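Only one structure is covered here, and it is reproduced in the block below.
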Amino acid sequence: MPVDSISRDILRWYEKNARALPWRHPPGCTQAPDPYRVWLAEIMLQQTTVAAAGPYWLRFLGRWPTVQALAKADDADVMREWAGLGYYARARNLLAAARAISAAGAFPSTEADLRQLPGIGAYTAAAIAAIAFGEPATVIDANIERVVSRLFAIATPLPAAKAPISAALAPHVPRDRPGDFAQALMDLGATTCTPRNPRCLACPLSPHCAAHANGNPDAYPVKAAKRLRPKKQGLAWWIEHGDDIALIRRPPRGLLGGMPALPGTGWATDQPFHMPFEAEWRILPEPVSHGFTHFELRLSVACTTIAHRMAEIAGNPVSWISRKDIPAIGFPTLYARAAKAVLDQSHEQVIL
DNA sequence: TAGCCGTGGTT
DNA sequence: TAACCAAGGCT
């Protein structure tokens, strides 16, 4: 079989330039990595930077060192540990998959079997199969899409370009080192074949690269135009009773699904403020600005103190949490910032 | 298919 | 500053 110069050159580059990551074995390592660790990393890394996922991976692994341990965890504990990382459906699917794997008695070891688990799609199934089990799967993530679309000057706009990209890459996957090959391409995309201003002079694949030869690597990959994000607004209610704060839990699916939250109005482009009951309300001078994937939110916060605690607010069941427990409640970032704004303000008043 | 789904860093 | 982007999956 002839030597594939593309896989040879990228693997050679990887020997010298692989990023040292806590879940990764060094290039050329003959010992297979623990599939649980690889899976946990891959889920956390979906649409998430290495820098953001790293501390979460270490904490999860310390608390739940095996898939069996994770399978026994309480849902609320897992959601609290995930708080701040975003895309909370990943955490719900992670736990569901852990329980399925634990019940099955063995970790799925093929791309096809991995693909059946919740939270594991085409990319993640191929990545785990290649990295943890040595299966010569064709791994395609956003980095590899960029590298391959430049390498072969594929002008079809994403996401339709996915199939031609996969077809172009598949013949180059080395059967003996598919995991290193995938990770090498991802590292190359992250450090060298970057979205803007790619460092072609430092790239081991530039001799093979059609976009480099054309002089316009920046033009790839071609992407469909994306819609602009609408601006929405809303009001959160910070309701104190003695030392306690009223919290709700968001519905199990959808935005911030299953996460603790402050009660409040809905969010919309022209959402009017209203209060859930008559009281003396004080509105914080500045709303909390928070960007979601498909809209931007300005969340104002209205504060009051009540004499008699209620079991529900605006139809939502309420739990009362002590002030000192707020930092450990596992708020998603939006509500963590809203709570901080309130607590910072009351702190100022004490000082003044 | 395309919209939904978080957050923080980079340019 | 605003847009872009990240080891995507689900419906």
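Not measured: the values here are computed from a predicted model. First the proteins, then the strands, lettered A, B, ... as listed; each starts at 1.
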What contact category does A/L21 fall into here, base, sugar-phosphate, or nothing, at under 4.0 angstrom with non-hydrogen atoms?
base

On DNA chain C, more 5' by nearest nucleotide between A/G119 and A/V50 is A/V50

Measure all distances between protein nitrogen or oxygen atoms and nitrogen or oxygen atoms of nucleotides 2-5 of chain B, and list the pairs falling under 3.5 Å.
residue: B/dC5; atom: OP1; partner: A/L255; partner atom: N; Å: 3.4
residue: B/dC5; atom: OP2; partner: A/H294; partner atom: NE2; Å: 2.8

Can you give the donor-acceptor pairs under 3.5 Å from side chains of residues 14-29 of chain A to other protein atoms, not counting sequence neighbours?
residue: A/Y14; atom: OH; partner: A/R24; partner atom: NE; Å: 3.3
residue: A/Y14; atom: OH; partner: A/R24; partner atom: NH1; Å: 3.4
residue: A/E15; atom: OE2; partner: A/R177; partner atom: NH1; Å: 2.9
residue: A/E15; atom: OE2; partner: A/R177; partner atom: NH2; Å: 2.9
residue: A/N17; atom: ND2; partner: A/W13; partner atom: O; Å: 2.8
residue: A/R19; atom: NE; partner: A/D187; partner atom: OD1; Å: 3.0
residue: A/R19; atom: NH2; partner: A/D187; partner atom: OD1; Å: 2.8
residue: A/R24; atom: NE; partner: A/Q183; partner atom: OE1; Å: 3.0
residue: A/R24; atom: NH1; partner: A/R19; partner atom: O; Å: 2.9
residue: A/R24; atom: NH1; partner: A/D187; partner atom: OD2; Å: 2.8
residue: A/R24; atom: NH2; partner: A/D187; partner atom: OD1; Å: 2.9

Exercise answer: donor-acceptor pairs, residues 142-155 of chain A side-chain atoms, under 3.5 Å, sequence neighbours excluded:
residue: A/N143; atom: OD1; partner: A/R146; partner atom: NH2; Å: 2.9
residue: A/N143; atom: ND2; partner: A/D141; partner atom: OD2; Å: 3.1
residue: A/E145; atom: OE2; partner: A/K162; partner atom: NZ; Å: 2.9
residue: A/R146; atom: NE; partner: A/C193; partner atom: O; Å: 2.7
residue: A/R146; atom: NH2; partner: A/G189; partner atom: O; Å: 2.8
residue: A/R146; atom: NH2; partner: A/C193; partner atom: O; Å: 3.4
residue: A/S149; atom: OG; partner: A/E145; partner atom: O; Å: 2.9
residue: A/S149; atom: OG; partner: A/R146; partner atom: O; Å: 3.1
residue: A/R150; atom: NE; partner: A/P217; partner atom: O; Å: 2.8
residue: A/R150; atom: NE; partner: A/Y220; partner atom: O; Å: 3.1
residue: A/R150; atom: NH1; partner: A/C193; partner atom: O; Å: 3.4
residue: A/R150; atom: NH1; partner: A/T194; partner atom: O; Å: 2.8
residue: A/R150; atom: NH2; partner: A/T194; partner atom: O; Å: 3.1
residue: A/R150; atom: NH2; partner: A/P195; partner atom: O; Å: 3.0
residue: A/R150; atom: NH2; partner: A/Y220; partner atom: O; Å: 3.3

C/dA6 OP1/OP2 closer than 4.0 Å to side-chain N/O of A/Q47
no

A/I43 CD1 to B/dG6 P, in whole Å, measures 15 Å

So what does A/L334 touch, heavy atoms closer than 4.0 Å: a base, only the sugar-phosphate, or nothing?
sugar-phosphate

Between C/dA3 atom P and A/K223 atom NZ, what is the distance in whole Å?
16 Å

Using whole Å, report how far CH2 of A/W82 lies from P of C/dG9.
13 Å

Once you apply a heavy-atom cut-off of 4.0 Å, does A/W23 come out as touching a base, just sugar-phosphate, or nothing?
base

Separation of atom CZ in A/F292 from atom C1' in C/dA6, rounded to whole Å:
18 Å

Does a nitrogen or oxygen in the side chain of A/T333 sit under 4.0 Å from OP1 or OP2 of B/dG6?
no

Look at the rings of A/W281 and A/W237 and say which category their plane angle falls in: under 30° parallel, 30 to 60° tilted, over 60° perpendicular.
tilted

Whole angstrom is fine here: how far is it from CD in A/E296 over to C1' in B/dG8?
14 Å

Are a donor atom and an acceptor atom from the side chains of A/Y123 and A/Q46 found within less than 3.5 Å of each other?
no

Take A/N197 and A/A83, find for each the nucleotide of DNA chain B with the closest heavy atom, and name the residue whose nucleotide sits nearer the 5' end.
A/A83

Between A/I131 and A/L11, is there shared hydrophobic-cluster membership here, with clusters defined by ILVMFWY side-chain heavy atoms closer than 4.5 Å?
no

Side chains of residues 327-338 of chain A: which donor-acceptor pairs under 3.5 Å do they make with residues two or more places apart or in other chains?
residue: A/R337; atom: NH2; partner: A/S289; partner atom: O; Å: 2.9
residue: A/R337; atom: NH2; partner: A/H290; partner atom: ND1; Å: 3.1

Please tabulate, for side-chain N and O atoms in residues 295-304 of chain A, each donor-acceptor pair with protein atoms closer than 3.5 Å (sequence neighbours left out).
residue: A/E296; atom: OE2; partner: A/R229; partner atom: NH2; Å: 3.1
residue: A/T304; atom: OG1; partner: A/E280; partner atom: O; Å: 2.7

Residues 247-260 of chain A, side-chain donor-acceptor partners within the protein, below 3.5 Å, at least two apart:
residue: A/R249; atom: NH1; partner: A/G258; partner atom: O; Å: 2.8
residue: A/R250; atom: NE; partner: A/L255; partner atom: O; Å: 3.0
residue: A/R250; atom: NH2; partner: A/L255; partner atom: O; Å: 3.1

Separation of A/M79 atom CE from B/dG6 atom P, in whole Å?
9 Å

Among the candidates B/dT10, C/dG9, C/dA7, find the nucleotide nearest to the side-chain atoms of A/Q46.
C/dG9

Phosphate contact (B/dG6 OP1 or OP2) by A/R337 side-chain N/O below 4.0 Å:
no

With a non-hydrogen cut-off below 4.0 angstrom, is A/A122 in contact with a base, only sugar-phosphate, or nothing?
sugar-phosphate

Write down the distance separating the P atoms in B/dG6 and C/dT11, rounded off to the nearest Å.
14 Å

Look at the side-chain N and O atoms of A/K162 and state whether any lies under 4.0 Å from the OP1 or OP2 oxygen of C/dG8.
no

Of the listed B/dG6, B/dT11, C/dA7, the closest approach to the A/R196 side chain comes from B/dT11

Do any side-chain nitrogens or oxygens of A/H290 fall under 4.0 Å of OP1 or OP2 in B/dT7?
yes

Report which part of the nucleic acid A/A142 touches: base, sugar-phosphate, or nothing (heavy-atom distance under 4.0 Å, all strands).
sugar-phosphate

Mind checking if A/R92 touches a base, just sugar-phosphate, or nothing, with heavy atoms under 4.0 Å?
nothing

Distance, rounded to the nearest Å, where A/Y220 contributes OH and C/dC4 contributes C1'
21 Å

Interatomic distance, A/N143 CG vs C/dA6 P [rounded to whole Å]:
6 Å

Looking at A/R146, I'd like to know whether one of its side-chain N or O atoms comes within less than 4.0 Å of OP1 or OP2 on C/dA6.
yes

Taking C/dA7 as the reference, what is the distance to B/dG3 when you measure between their C1' atoms (whole Å, please)?
22 Å

Give the ring-plane orientation class for A/F107 versus A/F133, where under 30° counts as parallel, over 60° as perpendicular and anything between as tilted.
tilted

